[in-house]
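Shown next, in C-alpha cells, is the structure this report addresses.
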Amino acid sequence: MSYRTVVMYVEIGCFVVCLSGWILVCSTMPIDIWTWSEIESRVLTTSHYFSNLWKNCVSDSTGVTDCKNIPSLLALNWDIHMCRALIIISIILAFFGSVLVLVGMKCTKIGGSEIVNARLTFAGGMNYLIGGMCSMIAFSYYGNKLRAEFQDPYYKAEKFEIGVGVFIGWGGSTLLVVGGLIYSIFAGRDGFHSSSKRFPEYQFPDAYRVVPTKKSIQLLAHTEISESRKPRTTSGSRGSGSYVRDISWSPRL
C-alpha cells in the first residue's frame, strides 16, 4: 500500500471523526439539560429544575414541564455570554473546516494540484482544531463553574449538577480536536515540506567549489615568484656574459 493511499484513508477517517464531533457540538444547543437539580418538596410531588445557556425549565412528577427563555440578554453574567460565543464560533469554524476538507482531500479530486489540495486540507484541519478548542474551553468552564458552586459550603443559592449536555459537548470537542490535529500533521507535511522540493538547492560551479588551503596558496605564490624571476636571471646572465666576452677579446693598446 502506497503512502498516498494510507493518507487518503486517514483523511477519510478523520473526516468521519470531525463530522461526528461537529454534530455532537451542534446537538448541545437544543438540549435543555446542561444543569439539573431535584427538590423533594412534598411526599408525592418532586420538582426537577434544569437549564442551559438559553432557557430555564421546571418539571414535576406528573410530567408537566414548563420552560422559560432567559428574559434579559444584558442582565446575564459575562461567563454565559463567553460560553455562547465560543460554542457558536466552534460550530462556524467546524462547518467551514468541513467545506475545505471536502475540497482538498485526496479522494475527492476537486481542487488543483497535490500541494494545493494538501494546503486546503491543512486549513480545514486547523479550523477543526481551533473550533474544538473553543468548544472545549466553553464546556470545561461551564462544568467547572457548576462543580465549584456545588462543592462550595458558603454558596447559599440553589445548587445544580452537571447535565448530559455538557458531557456530550466534551465528547464532541474531543473528536474535533483529535481529528483536526491529525489533519494538520499529515496535510502540513505534504503541503509545506513538498513545496521546498520544487526549488532545488543552487549548484555552484566547479570553480567555486574548490576551497584553497593555506598550503596550496603558499605553493601557488612560490611558483609565481619563481616564474617571474626566471626570465630576469637568464637575461642578466646573457648580458654579463657578452660583456665579459667583449672585455676579454678587446685588443690591447
Side-chain angles (χ1 to χ4, degrees), residues 14-41 46-61 63-98 125-184:
C14 290
F15 178 74
V16 174
V17 170
C18 292
L19 186 62
S20 302
W22 178 59
I23 293 174
L24 289 176
V25 173
C26 291
S27 65
T28 60
M29 302 297 287
I31 291 178
D32 297 332
I33 308 176
W34 281 45
T35 62
W36 66 277
S37 178
E38 181 176 340
I39 301 176
E40 297 181 356
S41 58
T46 302
S47 299
H48 300 274
Y49 294 93
F50 51 93
S51 64
N52 58 6
L53 297 177
W54 313 97
K55 57 185 175 180
N56 299 320
C57 300
V58 60
S59 66
D60 53 16
S61 58
V64 178
T65 302
D66 185 17
C67 294
K68 181 181 180 181
N69 294 327
I70 298 177
S72 177
L73 183 65
L74 299 178
L76 289 176
N77 296 329
W78 65 270
D79 51 356
I80 302 297
H81 288 292
M82 181 192 70
C83 293
R84 285 180 175 182
L86 288 175
I87 293 174
I88 293 175
I89 290 172
S90 173
I91 293 174
I92 294 173
L93 288 177
F95 172 76
F96 285 106
S98 301
M126 290 301 297
N127 281 354
Y128 279 135
L129 181 60
I130 297 173
M133 292 299 296
C134 290
S135 59
M136 180 66 74
I137 292 173
F139 290 115
S140 299
Y141 178 84
Y142 195 82
N144 183 69
K145 178 186 176 182
L146 295 177
R147 180 203 59 81
E149 291 177 354
F150 188 85
Q151 295 180 352
D152 188 5
Y154 299 101
Y155 186 75
K156 300 302 181 181
E158 184 178 356
K159 296 183 179 181
F160 293 89
E161 298 184 10
I162 301 175
V164 64
V166 179
F167 290 102
I168 294 176
W170 277 333
S173 302
T174 303
L175 293 179
L176 286 176
V177 171
V178 172
L181 184 61
I182 296 176
Y183 262 133
S184 302

Indicate yes or no for a side-chain donor-acceptor contact from [X] to the backbone of [Y] under 3.5 Å, with no hydrogens or angles considered.
| X | Y | value |
| --- | --- | --- |
| Ser90 | Gly131 | yes |
| Asn52 | Ile31 | yes |
| Tyr128 | Phe95 | no |

Show the nearest heavy-atom pair for residues [X] and [Y], with the distance to one decimal.
| X | Y | result |
| --- | --- | --- |
| Leu175 | Cys18 | O-SG, 4.3 Å |
| Tyr183 | Cys14 | CE1-CB, 3.5 Å |
| Thr35 | Ser51 | OG1-OG, 2.6 Å |

For residues 74-83, which side-chain N or O atoms pair as donor and acceptor with protein atoms under 3.5 Å away, sequence neighbours left out?
residue: Asp79; atom: OD2; partner: Lys145; partner atom: NZ; Å: 2.6
residue: His81; atom: NE2; partner: Leu73; partner atom: O; Å: 2.9

- [ ] Keeping to residues at least two apart or across chains, list the salt bridge (Lys or Arg N to Asp or Glu O under 4.0 Å) pairs with something in residues 15-34.
- [x]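 Found Asp32-Lys55.
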What distance do [X] atom [atom1] and [Y] atom [atom2] have between them, rounded to the nearest 0.5 Å?
| X | Y | atom1 | atom2 | result |
| --- | --- | --- | --- | --- |
| Ser98 | Leu19 | OG | CG | 5.5 Å |
| Leu86 | Met136 | CG | CE | 12.5 Å |
| Tyr141 | Leu146 | OH | CG | 10.5 Å |
| Asn127 | Ile92 | CG | CD1 | 11.5 Å |
| Cys57 | Asn69 | SG | CG | 8.5 Å |
| Cys134 | Ile88 | SG | CD1 | 12.0 Å |

Task: Partners passing side chain to side chain contact (heavy atoms under 4.5 Å, CB included) against Val177 (at least two apart in sequence or in another chain) - done: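 Per chain and number, Val177 pairs via side chain to side chain contact (heavy atoms under 4.5 Å, CB included) with Leu129, Met133.
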Task: For Ile87, all residues meeting side chain to side chain contact (heavy atoms under 4.5 Å, CB included), sequence neighbours excluded - done: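 Checked Ile87 against side chain to side chain contact (heavy atoms under 4.5 Å, CB included); matches are Val25, Met29, Trp34, Leu53, Ile91, Ala138, Phe139.
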Open item on the list: Using the rule side chain to side chain contact (heavy atoms under 4.5 Å, CB included), only one of Leu181, Leu176, Ile182 pairs with Val178; which is it?
Closed with: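 Testing Val178 for a side chain to side chain contact (heavy atoms under 4.5 Å, CB included) against Leu181, Leu176, Ile182 leaves exactly one candidate, Ile182.
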If the condition is side chain to side chain donor-acceptor pair (under 3.5 Å), which residues does [X] pass it with, not counting sequence neighbours?
| X | answer |
| --- | --- |
| Thr174 | none |
| Ser184 | none |
| Thr28 | none |
| Arg84 | none |

Open item on the list: The criterion is ring-ring contact (aromatic ring centres under 6.0 Å, His included); which residues satisfy it with Phe50, sequence neighbours excluded?
Closed with: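 ring-ring contact (aromatic ring centres under 6.0 Å, His included) list for Phe50, sorted by chain: empty.
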- [ ] Could you note down all residue pairs passing side chain to side chain donor-acceptor pair (under 3.5 Å) where residues 14-24 supplies at least one of them, sequence neighbours left out?
- [x]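 Output for this query is empty, none listed.
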- [ ] Sequence neighbours left out, what passes disulfide bond (SG atoms under 2.5 Å apart) with Cys26? Give chain and number order.
- [x]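 Cys26 satisfies disulfide bond (SG atoms under 2.5 Å apart) with no residue once adjacent residues are dropped.
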Task: Steps toward side chain to side chain contact (heavy atoms under 4.5 Å, CB included) verdict (Trp36, Tyr49) - done: CA-CA 5 Å; Trp36 66 277; Tyr49 294 93; over 6 Å; no
For residues 161-171, please give each side-chain donor-acceptor pair under 3.5 Å, one per line with the distance, not counting sequence neighbours.
residue: Trp170; atom: NE1; partner: Ser140; partner atom: OG; Å: 3.3

